[in-house]
**Student:** 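Here it is, the structure, as C-alpha cells.
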Amino acid sequence: MKRYTTTAIVLHWLMALLILAMLTLGHYMHDLKLSPLKLQLYSYHKWAGVSLLLLAVLRIVWRLTHKPPELVLPCWQQVASSSVHGLLYLLFIAMPLSGWLMSSAKGIQTIWFGLIPLPDMVEKNEALGHLLGKVHGSLSSLLLLLIGLHIAAALKHQFIDRDQLLSRILPGKSSKGKLP
Amino acid sequence: MNMIKIALPALLLFASSVQAVEYGTFQMNQSALNFAYKQMGVPMQGKFKQFSAQIAFDPAKPGNARAHIDVNLASIDTGSTDANEEVAGKLWFDAKTYPLASFVSSGVKAAGGNNYQVSGKLSIKGKTLDIVTPVTIKTDGKRAIIDGSFNIKRLAYGIGTGEWADLSTVADDVQIVFHLIVFAAPVIPSSTH
Ligand code: HEM
Ligand code: HEM
C-alpha cells in the first residue's frame, strides 16, 4: 500500500503528540490554583500552541501541494474521513487562534518563547476574554471528539478490516507487495 | 451671546491663574494609581481603586509642599479575580494585617519648569523605605495635575514571598505610576456615593 510522504508522516505524528499534550496540559493548568507553576505552564502552553499554529500552516501548505496516496474506500467512509480530516485541519488553525485572541482580550500578551511578541489583535476586554475562553474550551472538546473518532476509525481499519491502512501513515519501510 | 458664554469662563480662568493659590483638595475620582510589572516576561498592568491623599502645593513655595497618600491595598485590580485574591493574601500584601500602604513626603525640590523631585518614606507591609520620585505638576488656577512614576523592588518590602520569591515568574521591579488631581480651595463637591 502506498504511503504518505515522509514530511506528511513526520508532521502527522509530531502534531498528534503535541496536540494530545496540549489538551492534557490545558485542562491540568486550568484546574491549578494560582501559583508560579500555573503562570509558567500557561506560558509554555501558549508558546507550544503558537508553534502548533506554524506547524499547521506548514502542514496545510504541504497537503495542498502533495496529494495523499490514492485509496479506494466505500463511499460513506470516504465522506466520513474527508469530513473529519477537514474539520481537524480547521481546528489546527482555530484552536491556537482562539487562544491567541483570548490572551489579548484578557490583557496578557503572548510573547513566543519570551522572545517574539505577537501583536494583540483585539483590545483588552473582560467580557470578550471570557467568551473567547469558552470558545477555546468548546473547540478543544470538539477536537478531542474528532480525535477519538479518528483513532477509532484507524483501529477499525487495523484490527477489523485488517487492510493495512495504518501503514500509510506509519514510519518505516514501504509495505509494497504485502497488499494489492 | 455665544461670545460671552465662551469669553466669561476663559476670563475667570485667566483671572484665577494669576493669583497665588494653594492646591489642597484631592479629587479621588479623577486621580489614578497604576502599577506595571513583568510576569513571565510579559508586561502587565494594574491599578488601585481606592486611595486617599492629603496634598498641599503652592506653586510660589514648592519647597513647602507636602503629601501624604494612603492606599487601600485590598482595592487592587490586577485584571483577574484570582490574582486579586492572591495578592491580598499573606504571601503578598497580607492586607488583613497591613491594610494600608502609605507615602509621606519629606522634601520637595524644584527641578526646573514644572518638574520637581519629591522624596519621602514609602511604607508597605510594615516596612518603611526611602524613595525619591520625579514629579511634574501643572496648574491652571483651578487644579493641580500631578504626574510621576518611580520603581520599587517588591521583595524589598516582602511582597510576594515563599514560592512567589522566584523572580523569573513575577519580576522584582514594579513601576508605580500616579496621576493626582488636586483642586484649589474652595471644596468642589466630588463623588455622589
Ligand atoms: C492528536 C491526534 C491526531 C490528529 C490531530 C490526527 C490528524 C490527522 C489528519 C488531519 C489526517 C489527514 C491526513 C490527510 O490530509 O490525508 C490524518 C491521517 C491519518 N491518521 Fe491521524 N491524527 C491523530 C492521531 C492519529 C493516531 C493515534 C492514529 C493511529 C492510531 C492515526 C492514524 C491516521 C491514519 C492511518 C491516517 C491516514 C488516513 C488515510 O490513509 O487516508 N492518527 N490524521
Ligand atoms: C492546538 C493548540 C491548542 C490546544 C489543543 C489548546 C487546548 C487547551 C485546553 C484543552 C484548555 C483548557 C480549557 C478549559 O479548561 O476550559 C486550554 C486553555 C487555555 N489555552 Fe489553549 N490550546 C491551544 C493553543 C493555545 C494558544 C496558542 C494559546 C495562547 C496563545 C492558548 C491559551 C490558552 C489559555 C490562556 C488557556 C486558559 C484559559 C483559562 O484558564 O481560562 N491556547 N487550551
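Values in this document were obtained by computation on a predicted structure and should not be read as measured data. Residue numbers start from 1 in every chain, and the chains themselves are labelled A, B, ... in the order their sequence lines are given, proteins ahead of strands.
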**Student:** Please round to the nearest 0.5 Å and tell me the distance separating atom CE of M22(A) and atom CG of L25(A).
**Tutor:** 6.5 Å
**Student:** Heavy-atom cut-off 4.5 Å, strictly under: side chain, backbone, both or neither for F113(A) against chain B?
**Tutor:** neither
**Student:** Select all residues of residues 31-55 of chain B having any heavy atom within less than 4.5 Å of some heavy atom of chain A, and report them by number, or 'none'.
**Tutor:** Q39(B), M40(B), G41(B), V42(B), P43(B), M44(B)
**Student:** Just wondering, are more than 12 heavy atoms of other shown residues or ligands nearer than 6.0 Å to CD in E126(A)?
**Tutor:** no
**Student:** Heavy-atom distances under 4.5 Å only: say whether T110(A) touches chain B with side chain, backbone, both or neither.
**Tutor:** neither
**Student:** Below 4.5 Å from any heavy atom of chain B, which atoms of K124(A) appear? Answer side chain, backbone, both or neither.
**Tutor:** side chain
**Student:** Among I147(A), L97(A), L142(A), which residue satisfies the side-chain contact (heavy atoms from CB on, under 4.5 Å) criterion with L91(A)?
**Tutor:** L142(A)
**Student:** Among side-chain atoms of N114(B) and T136(B), is any donor-acceptor pair under 3.5 angstrom?
**Tutor:** no
**Student:** Given the options L34(A), I108(A), L37(A), L115(A), which has more heavy-atom pairs under 4.5 Å with chain B than any of the others?
**Tutor:** L34(A)
**Student:** Spell out, yes or no, whether M121(A) and L139(A) are grouped together once hydrophobic residues are joined by side-chain heavy atoms under 4.5 Å, including indirect joins.
**Tutor:** yes
**Student:** Between E123(A) (side chain) and A105(A) (backbone), is there a donor-acceptor pair under 3.5 Å?
**Tutor:** no
**Student:** Is a side-chain donor or acceptor of W112(A) paired with a backbone partner of K46(A) at a separation under 3.5 angstrom?
**Tutor:** no
**Student:** Can you list the residues of residues 147-180 of chain B that sit under 4.5 Å from chain A, counting heavy atoms only?
**Tutor:** E163(B), W164(B), D166(B), T169(B), V170(B)
**Student:** Ignoring hydrogens and geometry, is there a side-chain-to-backbone donor-acceptor pair from R66(B) to F57(B) under 3.5 Å?
**Tutor:** no
**Student:** For a quick test of reading the model, state the closest non-hydrogen atom pair linking K38(A) to L32(A) and the distance between them.
**Tutor:** NZ-O, 2.8 Å
**Student:** Within the side chain of D140(B), is there an N or O that forms a donor-acceptor pair under 3.5 Å with the backbone of R143(B)?
**Tutor:** yes
**Student:** Using modelled atom types only, decide if a donor and an acceptor are shared between the side chain of N115(B) and the backbone of G112(B) within a distance under 3.5 Å.
**Tutor:** yes
